[in-house]
K.L.:
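Before I ask anything, let me first share the structure, which is written out below as structure tokens.
Since this is a predicted model, take the numbers as computed values, not measurements.
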Amino acid sequence: MPFIFMSSQENKLKNYLLLHLIVFIWGFTAILGKLISIEAIALVWFRMVIAVACIGGYFLITNKSFKLTRRAAIEFLITGTIIAIHWITFFKAIKVSNVSVALVTMSTGAFFASLIEPIFFKRRVKLLEIILGLLVIFGLYIIFSFESKYKLGIVYALISAFLSALFAVLNGLFVKKYEADSISFYQLLFGVAIVSIYLLFSSSFTTSFFQLLPSDWLYLFILGSICTAYAFIASVKVMKYLTPYTVMLTINLEPVYAIILALLIFKEKEQMNIEFYYGAFIVLFVVLLNGLVKNSSKIKKKLQR
């Protein structure tokens, strides 16, 4: 019995460390977005193509089925388009501002989700969610007031955060009907198709489109394979062993990891006014508080049953 306990504890620790690695990888995505020299739409196209190839290869190796119903295809087409635009606006935010501004603004996604969820799950908007949402807006106001040169980046990041929240809510419905890896594969596949159509009609598929710097190819491969395909598959595995509370708390460290990495790599380019960090603290603190409150309410409901 003690051996079984130790084995279980070691397995939990292993997956907890793996979760931190995944969150660190997600944070590194923003760094890669800044390092890659091509514009956002092309970047997202290459990212999705590489990720689709990697996950498709995973399907072949594990003999997973590629079957898809017509209804599922329509649902994945819609969400694939949403995730593509989300990534495009996310990388545009990084390109026109910096990693710190984009990541802190992206943290508002949790509150967009709080407003969107009641529509799809047919529940009332809670007063606490409105109050916390107003605090987030206050934090963003502080950032916007003292870092107005990054206002376009903040706008792009807000659009990206909203789309991310919409995507997460819709996936919350889909995960009850479909397998998680199938959802990801087809959403990325349809996302690639939509972006490809745009690039085709805008005559962007030229020889120069595929003539990238060697460093860009390396960063894109890391972005598409490790930061997208691997991180997704690993995150699904981890969520089978850790509680949603643990996962939620750890994921909230993503902007922290990314900002620290950005300061180390880009140095003075990422250094902001002290007011930015005041605003960033408010936004990140409220996001963390929101997760803690929601998790405690779920625990109370379970105890009352």
Side-chain angles (χ1 to χ4, degrees), residues 21-58 80-103 105-106 150 152-153 156-157 159-160 163-164 184-185 187-234 254-255 257-271:
L21 174 62
I22 293 165
V23 174
F24 178 83
I25 288 170
W26 283 338
F28 195 65
T29 297
I31 306 297
L32 290 172
K34 194 72 174 178
L35 290 171
I36 296 169
S37 64
I38 59 177
E39 55 93 27
I41 298 176
L43 189 159
V44 170
W45 186 85
F46 281 110
R47 176 188 188 176
M48 296 179 95
V49 167
I50 293 169
V52 166
C54 290
I55 299 176
Y58 168 76
T81 303
I82 291 171
I83 195 64
I85 300 172
H86 154 65
W87 278 341
I88 289 168
T89 50
F90 171 66
F91 286 117
K92 275 187 175 291
I94 292 171
K95 297 286 186 183
V96 301
S97 58
N98 62 24
V99 173
S100 300
V101 170
L103 264 294
T105 309
M106 279 294 298
Y150 296 126
L152 184 58
Y156 275 132
I159 294 170
S160 184
L163 293 172
S164 174
S184 181
F185 175 75
Q187 285 174 339
L188 290 170
L189 183 64
F190 284 122
V192 168
I194 293 298
V195 178
S196 297
I197 291 170
Y198 170 80
L199 292 171
L200 190 64
F201 278 94
S202 61
S203 302
S204 298
F205 280 133
T206 59
T207 305
S208 61
F209 182 88
F210 298 96
Q211 292 177 340
L212 309 182
L213 296 171
S215 59
D216 283 341
W217 281 116
L218 174 62
Y219 295 145
L220 282 167
F221 179 75
I222 294 171
L223 180 64
S225 60
I226 298 174
C227 297
T228 307
Y230 167 76
F232 166 76
I233 294 169
E254 181 188 345
Y257 284 150
I259 290 171
I260 292 171
L261 279 170
L263 286 169
L264 291 172
I265 295 170
F266 301 116
K267 298 181 173 61
E268 66 277 355
K269 291 181 180 179
E270 287 290 329
Q271 290 178 1

K.L.:
Which distance, rounded to the nearest 0.5 Å, do you find between the CZ of Phe266 and the NZ of Lys34?
P.N.:
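Result: 7.0 Å between the selected atoms.
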K.L.:
Can you name the nearest heavy-atom pair linking Cys54 to Ser225, along with the distance?
P.N.:
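The answer is SG-CB, 3.8 Å.
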K.L.:
Please give me the minimum heavy-atom distance between Ala93 and Ala102, naming the atom from each residue.
P.N.:
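Closest approach of Ala93 to Ala102, heavy atoms only: CB-CB, 4.1 Å.
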K.L.:
State, to 0.1 Å, how close Ile50 and Leu220 come at their nearest heavy-atom pair, and which atoms those are.
P.N.:
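The answer is CD1-O, 3.4 Å.
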K.L.:
List the steps, then state whether side chain to side chain contact (heavy atoms under 4.5 Å, CB included) holds for Phe91 with Tyr156.
P.N.:
CA-CA 9 Å; Phe91 286 117; Tyr156 275 132; over 6 Å; no
K.L.:
For residues 196-204, which side-chain donor-acceptor pairs fall under 3.5 Å, sequence neighbours excluded?
P.N.:
residue, atom, partner, partner atom, Å
Ser196, OG, Trp45, NE1, 2.7
Ser196, OG, Val192, O, 2.7
Ser202, OG, Tyr198, O, 2.9
Ser202, OG, Leu199, O, 3.2
Ser202, OG, Ser204, OG, 2.8

K.L.:
Measure the spacing between CH2 of Trp217 and CD1 of Ile222 and express it to the nearest 0.5 Å.
P.N.:
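Result: 14.0 Å between the selected atoms.
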K.L.:
How far apart are the closest heavy atoms of Met48 and Gln187, and which atoms are they?
P.N.:
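Taking Met48 first and Gln187 second, the nearest heavy atoms are CE-O, 4.4 Å.
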K.L.:
Distance check, rounded to the nearest 0.5 Å: Leu21 atom CG versus Ile25 atom CD1?
P.N.:
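Rounded to the nearest 0.5 Å, the CG-CD1 separation comes out at 4.0 Å.
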K.L.:
Do Arg47 and Thr29 have side chains that get closer than 4.5 Å, going by heavy atoms?
P.N.:
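The answer is yes; the side chains approach within 4.5 Å.
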K.L.:
Report yes if some heavy atom in the side chain of Tyr219 is under 4.5 Å from a heavy atom in the side chain of Leu223; otherwise report no.
P.N.:
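Tyr219 does not reach Leu223 side chain to side chain.
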K.L.:
Using atom types as modelled and distance alone, determine if a side-chain donor or acceptor of Thr89 lies under 3.5 Å from a backbone N or O of Ile85.
P.N.:
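At least one qualifying donor-acceptor pair exists.
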K.L.:
Go through the steps for Phe46 and Phe209 under the test ring pair (Phe, Tyr, Trp, His ring centres under 6.0 Å), then give the verdict.
P.N.:
CA-CA 10 Å; Phe46 281 110; Phe209 182 88; 5.3 Å; yes
K.L.:
About how many Å separate CD1 of Ile31 and CG of Leu103, when rounded to the nearest 0.5 Å?
P.N.:
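Spacing of CG (Leu103) from CD1 (Ile31) equals 7.5 Å.
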K.L.:
Please report the shortest heavy-atom distance between Tyr150 and Val96, naming the atom on each side.
P.N.:
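Reported closest heavy-atom pair: CD2-O, 4.4 Å.
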K.L.:
Treating Lys95 as the side-chain partner and Gly33 as the backbone partner, does any N or O pair qualify as donor plus acceptor under 3.5 Å?
P.N.:
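Checked: pair present.
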K.L.:
Looking at every heavy atom in both Leu188 and Ala51, which two are closest together, and how far apart are they?
P.N.:
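Taking every non-hydrogen atom into account, CD1-CB, 3.9 Å.
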